Amino acid sequence: MSACTPTRHDDPHRKEHSHEPHSPPSPRPRGPRLTGADVSASIAVFLIALPLSLGIALATGAPLQAGLVAAAVGGVVVGRLGGAPLQVSGPAAGLTVVTAELIQRYGWRTTCAITVLAGLAQLGLGLLRVARTALAVSPAIVHGMLAGIGVTIAVAQLHIVLGGTPHSSVLLNLRDLPAQLARVQTAALSVSALTLCLLLAWPRLPGRAGRLLRVVPAPLVAVTGATTSAALLGFGLPKVDLPSWSSHALAGLPEGPALGLIAAVLTITLVCSVQSLLGAVAVDKMVAARPALSGRVRRADLDRELLGQGAANVVSGTLGGLPVAGVAVRSTANVNAGAVSRNSTMLHGVLVVIAALLMVPILELIPLASLAALVMAVGIQMVSLHHIRTVTRHREVLVYAVTTVGVVFLGVLEGVALGIGMAVAVALHRLTRTRITHHEKEGVHHVHVRGQLTFLAVPRLSRTLHLVPQGAHAVVELDGSFMDHAAYESLQDWQSTQTAHGGTVELVGRRTGVRIGEPTGPAGLHPDGGTTAPDSSGCRCHPWTPWRNHQCAIPETGGPAQRNNAETTTTRTPEDTEHTEPSDLTAKLDALGAPGALGTLGTPGATVEAPAPPSSPRAPDATTPTANQLARGISAFQRNTAPLVRSELARLAREGQQPSQLFLTCADSRLVTSMITSSGPGDLFVVRNVGNLVPPPGEESGDDSVAAAIEYAVDVLRVRSITVCGHSGCGAMQALLAADQDTAQTPLRRWLRYGGPSVARMADGSRPAARLAGRAAADTVEQLCLTNVIQQLEHLRAHDSVSRALRAGELELHGMYFHVGEAQAYLLSEVHEGEVFDHVGVADLTA
């Protein structure tokens, strides 16, 4: 059986946290003890960090000890002071190009001083608590910056892989690449190729033995294998050279032009801060995806993380180390290895210190070609196809491309500046891209405005509106959410002129498909010359709240006496008051004299009692309120929804329906299956009846309708799962509890007999009572609703087509319970033997 799970981890009885996401969490006891999980994770991270730190130092042209210094400081200092407990910091590939350029221009000692000043700037930003503003940078710019840096790294390291020496410029490296290929060194290329092969093949080792071997990090295996092979084959290749620590160069006073130094400090500060903060957010997501960690590891405090990074850069620069930032590869390895506290990060830094002091003879056996191949692979991975697909899907590929090209050919700071400028230009283009069309149909002039109405669109709006002859009937459809003052006055002036010459203007709102206002004519007359009646069609529901109490006043069609006797009651709950602010467009449309999408009767949180029906009922026709409401809904679909789904429905019409699920639920109007399952056309084969009942097979005078749907879904449509969904406050369950055996057997009473076994199951004291996760049923009705889902699943198993598919392993059965008042869904799983409706785990939305 299944177990009922809500679509989030919310517990109604859980104490709410007052802090916001990525804000300082509540204080916890300090000094967690060192655990075995932290020790093993620190070793795994250390084995990755050691070769990468040497490789990044080699790529920048800095002393190789500088990479080890940065790795040690990043582990110990940031690990102790930072705000992201499981993020691992050190020399990052994203800083390679920046650091290499600074060393080339100012020398190593001044570069160290720049790192110290950048750390002080980070400390200042952390004290000002502006860390969250870094998250406002467009992801397209960040991904483009990393891609540009990755391209620069890969092109430079390719020369070392081929046995040559790289230049400081990408253009020079590309220009000399053909000549380098002509004089390639076979030994260097062989060692580099072996490194790359091991790096790519090691994580893909198959079988049980592969799972055991993959515990050893691929970078360590690649470098160790290449080093061993080079030694056995006797290749005379340049190797790692770690001079005595006594001759290690420390930071000196900065020397150079002031503006250049300031620009360098800003560049280091920007790249380090953005990379570290985005990395901290990414680590938070990885921790949240692991239930075992989410309760033990607190969320990242971004301001504290910025302070920790600043302190690390001050220390690293002072000690002659590379700039420090959060590193995605090491952080991912730390989380995946099972780290539970910041102790793993700190211990990895201590291990780097030990290696730097005691393992120098071993490190000096590593060929530089192997480290270059390792760093080149890291640079290539920074050009992520996933990121390219993401920015393309969000129509920001131009921002990504401009940033990448700018970083490659101009530099990091210049490329980021170009990316920001392009992002602003794209945003302005989208804001000002307004399409205004006009056409005439059956004597009615239609003006359709797609996009935001700002002063930049006023000239085109004015030209289009004046295509409508004076005195004609016009419909203006505004498909946008913003209208500034200039556009508002232009539309208001044209509307006043049009109505003054005997014409009519109808303003139609966005998305809801309901008329924002009735056609307005002179002297309060309808276009047909009749007297203006009360607003008979003005649905006043807010455009973005189609599911929020969508109740519009039912207009009266009777005489004045009936209209006077009709009473409309409006109430508003205090908690809904904050949701009643109109949008910019709605407010301006209200001011234009067209009742907007927000008014008294349709205010979210309001309840409306419909007027009393006429004393002499009659069949509805095209002029009745119900028919008008139906026509408005169909018109809204044709105008707003149909263009969006037409291509998908055309495909379904060609291919036929291929649903993956049969969804059997109650006919209750509050259950919107597509909404609570996030499904679309063609996804669900839905059967609805009173009480979500499944009549067992073989019943005398049984119901064949549900059985036929089950047989068709399983044998013809080949659905892979069937879900029986109950809900809170079910009227059928209430009727079962209030059943009177002497009541006449109406069709409803005869149908509800299929719920009798559910009542008997609930009364059976030998069975455990069905319950929700964390609490028992609130009352008898909810108890029966839960029990009924389990009982109907038993009925479902008895059907021949279902039992055959279950035996063949082709079908799954699920139970579900939806609490209407809490908007909370629960799923049954086999974990609790079908008696507990448990919470749904958080889905991986990035997959």
Side-chain angles (χ1 to χ4, degrees), residues 32 34-58 64-82 84-93 195 198-199 202-203 212-228 240 242 245 276 279 283 286 308 312 315-316 319 321-322 324-366 370-371 374-375 377-378:
L34 188 63
T35 63
D38 285 332
V39 173
S40 61
S42 67
I43 295 173
V45 176
F46 159 72
L47 294 177
I48 295 174
L50 191 63
L52 281 177
S53 299
L54 293 172
I56 292 171
L58 173 67
L64 295 184
Q65 294 102 321
L68 299 177
V69 171
V73 171
V76 176
V77 177
V78 181
R80 182 65 187 90
L81 302 178
L86 299 189
Q87 176 166 245
V88 182
S89 299
T195 303
L198 289 174
L199 191 65
W202 192 258
L212 294 176
L213 292 173
R214 287 198 299 269
V215 174
V216 183
L220 178 66
V221 173
V223 173
T224 303
T227 302
T228 304
V240 169
L242 293 174
W245 285 101
S276 300
V283 170
M286 287 189 287
V315 175
S316 180
L319 297 179
L322 291 170
V324 173
V327 186
V329 175
R330 295 172 220 182
S331 301
T332 303
N334 195 35
V335 175
N336 291 339
V340 295
S341 74
R342 62 178 69 247
N343 287 334
S344 64
T345 303
M346 297 169 63
L347 183 57
H348 125 270
V350 173
L351 293 176
V352 172
V353 173
I354 295 173
L357 296 176
L358 303 180
M359 294 178 60
V360 172
I362 297 175
L363 296 179
E364 288 184 336
L365 297 175
I366 301 175
S370 179
L371 292 180
L374 179 65
V375 176
V378 173

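Starting from 1, each residue takes its place in the sequence as its number. Given the structure is predicted, the values throughout are model-derived calculations rather than measurements.
Residues Ala71 and Pro91 share a closest heavy-atom pair of N-CD, 3.5 Å. Listed here is the closest heavy atom pair of Arg342 and Arg80: NH1-O, 3.6 Å. Closest approach of Ala312 and Val73 over heavy atoms only: O-CG1, 3.4 Å. The minimum heavy-atom distance between Val324 and Gly74, with the atom names listed, is CG1-CA, 3.9 Å. In terms of heavy atoms, Thr195 sits closest to Ser370 at OG1-OG, 3.0 Å.
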Contacts table for residues 42-57: side-chain donor-acceptor under 3.5 angstrom, sequence neighbours left out:
{"unit_1": "Ser42", "atom_1": "OG", "unit_2": "Asp38", "atom_2": "O", "d": "3.3"}
{"unit_1": "Ser42", "atom_1": "OG", "unit_2": "Val39", "atom_2": "O", "d": "2.6"}
{"unit_1": "Ser53", "atom_1": "OG", "unit_2": "Ala49", "atom_2": "O", "d": "2.7"}

Run the side-chain donor-acceptor check on residues 352-363: report pairs under 3.5 Å with partners two or more places apart or on a different chain.
none

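Panel note: side chain Trp202, backbone Leu220; no donor-acceptor pair is recorded below 3.5 Å. Without hydrogens or angle criteria, Thr345 side chain to Val88 main chain gives no donor-acceptor distance under 3.5 Å.
Residues passing the side chain to side chain contact (heavy atoms under 4.5 Å, CB included) test with Val76 are Val350, sequence neighbours excluded. Looking at residues two or more places apart in sequence or on another chain, you find a side chain to side chain contact (heavy atoms under 4.5 Å, CB included) between Val283 and Leu86, Gln87, Met286, Val287, Ser331, Val335. In terms of the side chain to side chain contact (heavy atoms under 4.5 Å, CB included) criterion, residue partners of Thr227 (sequence neighbours excluded) are, by chain and number, Val223, Leu365, Ile366, Pro367. Thr228 pairs by the side chain to side chain contact (heavy atoms under 4.5 Å, CB included) definition with Thr224, Leu232, not counting sequence neighbours.
Side-chain atoms of Leu374 and Leu199, non-hydrogen and from C-beta on, do get closer than 4.5 Å to each other.
A distance of 11.0 Å separates CD in Gln65 from CG in Leu322, rounded to the nearest 0.5 Å.
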